[in-house]
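Only one structure is covered here, and it is reproduced in the block below.
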Amino acid sequence: MKEDFISVRMHSSLHGNHHSGAERLCGEEELEDVSRQLLQRALSHERGQADKVFLRFDSVPSRSVCHGCLPDMQTIEVDGYREGRAAARELLQDAGVSACAASMAVNSLSGGAAPGGANMRGAMLVDAETGLRRESDPARGVRAKGMDISPDAEKMLRMALEPRGLDNDHVREAMVLAAKVISTPGIIAELCWSDDPSYTAGYVASANGYQRLTHLKPAGDELGGRAFFVRPQSSLAEIVDYLENSFLLVTELGRFLESRRWTGDPDE
Ligand code: AMP
C-alpha cells in the first residue's frame with residue numbers, strides 16, 4: 001500500500017450480536033500496531049471474547065483527508081445517572097435540540113435502541129425538532145468512520161487528560177469521534193453513553209463543546225449507544241455520506257475547562 005493513510009476498521013460480534021467496533025486512520029508504519037490493538041479489543045473485551053471479527057483496510061490518499069480540531073472539553077459532575085440524564089437533556093436543549101427530541105433519545109438509549117431492546121452497531125439519527133428517528137436501519141444505525149488523531153496531537157491530548165484522570169481509550173476515542181460528528185453539516189449535537197457495563201460516564205457534544213457527564217447509566221448496565229441530532233429538513237443522504245465516507249484527522253486540541261457541578265433541576 002503506497003497511499004499516505006490507511007483506514008482500518010474493526011467490527012466484531014458474539015452469538016450474532018454486535019460486540020465491539022473501532023475505526024482508525026493511520027500511516028503504513030503504524031498499521032501492524034493499530035491492527036493488533038483493534039484485534040486485542042475484540043478478543044479481550046469485558047463483555048467476553050468475540051466469535052467473529054472483521055478487520056478491513058482501505059488506502060486513503062492524503063488529499064482526501066481534512067485536518068480538524070477537538071471540541072473544548074468540560075466535565076460536569078452529577079450525582080448518579082438520573083441526574084446525569086436530566087443534565088444531558090438540558091445540555092441538548094442548550095445546543096438547540098427540542099425538549100421532546102432530547103427525552104425521546106434518552107429513553108431510546110436507556111431501553112436499548114435496536115429492535116428488541118438490544119444495542120445498535122452505530123448511532124440513531126434523531127430529528128432535533130420532532131425526536132423521530134430517521135436512520136434507515138434501526139439495528140445498524142449510522143457509523144461515523146474515517147477519523148483519528150495525529151501522533152503529535154495525541155501526545156498533547158494525553159498530557160492534558162492525564163492530570164484530570166481521564167487519559168483512557170474511551171475518552172480519547174470519543175473526543176475524536178465527537179469532533180467528526182459535530183463537524184458534520186446538518187448535525188447539531190450528539191449524545192453518548194457506552195455499552196461497556198463498567199463505564200458509566202457519557203457526554204453531550206455540540207458547538208458548546210464536549211460536555212462529559214460523570215454518570216449516564218447505572219454500573220452493570222450493558223445498554224448504551226449514540227444519538228446524532230439532525231436539523232429538520234436536512235439531507236440524510238449527505239449526512240450519512242459525510243459520516244461514513246469523508247476523512248478527518250484531528251491535529252489541534254480545543255480548550256480544557258475547569259470541571260463544574262450540575263446545578264439544574266433533576267425533575268425537569
Ligand atoms: P462505545 O462508546 O464504544 O461503548 O460505543 C457505544 C455505542 O455507540 C455502540 O454500542 C454503538 O451503538 C455506538 N457507536 C460506537 N462507535 C460508533 C461509531 N463509530 N459511529 C456511530 N456510533 C457508534
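These values consider heavy atoms only, across backbone and side chains, with no hydrogens, waters or symmetry-generated copies. Each ligand, and each atom within it, is numbered from 1 in the order the structure gives. For reference, positions follow the sequence shown, starting with 1.
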Got a donor-acceptor contact below 3.5 angstrom from the Arg164 side chain to the Ala160 backbone? yes
Tell me if a side-chain donor or acceptor on Asn119 pairs with a main-chain N or O of Gly224 at a distance below 3.5 Å. yes
Which ligand 1 atoms does Ala144 reach within 4.0 Å, using its non-hydrogen atoms?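 In order of numbering, the contacting atoms are 18 (C), 19 (N), 20 (N), 21 (C).
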Are the side chains of Asp137 and Met120 in contact, using a 4.5 Å heavy-atom criterion?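 No - every pair of side-chain heavy atoms lies 4.5 Å or more apart.
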I need the minimum non-hydrogen distance between Leu248 and Leu25, along with the two atoms involved.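 For Leu248 versus Leu25, the nearest heavy atoms are O-CD2, 4.0 Å.
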For the student: nearest non-hydrogen atoms of Arg24 and Asp148, plus distance: NE-OD2, 2.7 Å
Return the closest protein heavy atom for [atom] as residue, atom name and distance.
{"atom": "atom 7 (C) of ligand 1", "answer": "Gly225 CA, 3.5 Å"}
{"atom": "atom 18 (C) of ligand 1", "answer": "Leu177 CD1, 3.5 Å"}
{"atom": "atom 4 (O) of ligand 1", "answer": "Ser194 OG, 2.8 Å"}
{"atom": "atom 9 (C) of ligand 1", "answer": "Asp195 OD2, 3.4 Å"}

Polar contacts were defined as any N/O atom of the residue lying under 3.5 Å from an N/O atom of the ligand; does this apply to Met120 and ligand 1? yes
Report yes if some N/O of Arg226 lies less than 3.5 Å from some N/O of ligand 1; otherwise report no.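 For ligand 1, there is an N or O atom that lies under 3.5 Å from one belonging to Arg226.
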Just to be sure I'm reading this right: ignoring hydrogens, which of Gly224, Cys192, Gly122 gets closest to atom 13 (C) of ligand 1? Compare them by their nearest heavy atoms. Gly122
Using a heavy-atom cut-off of under 4.0 Å, does the side chain or the backbone of Val142 touch ligand 1, or both, or neither? backbone
Between Glu173 and ligand 1, find which residue part has any heavy-atom pair under 4.0 Å and reply side chain, backbone, both or neither. neither
Flag the pair His11 / His19 as yes when their ring centroid distance falls below 6.0 Å, and as no otherwise. no
When you check the side-chain N and O atoms of His215 and Asp79, is any donor under 3.5 Å from an acceptor?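 Checked: His215/Asp79 side chains show no N/O donor-acceptor pair below 3.5 Å.
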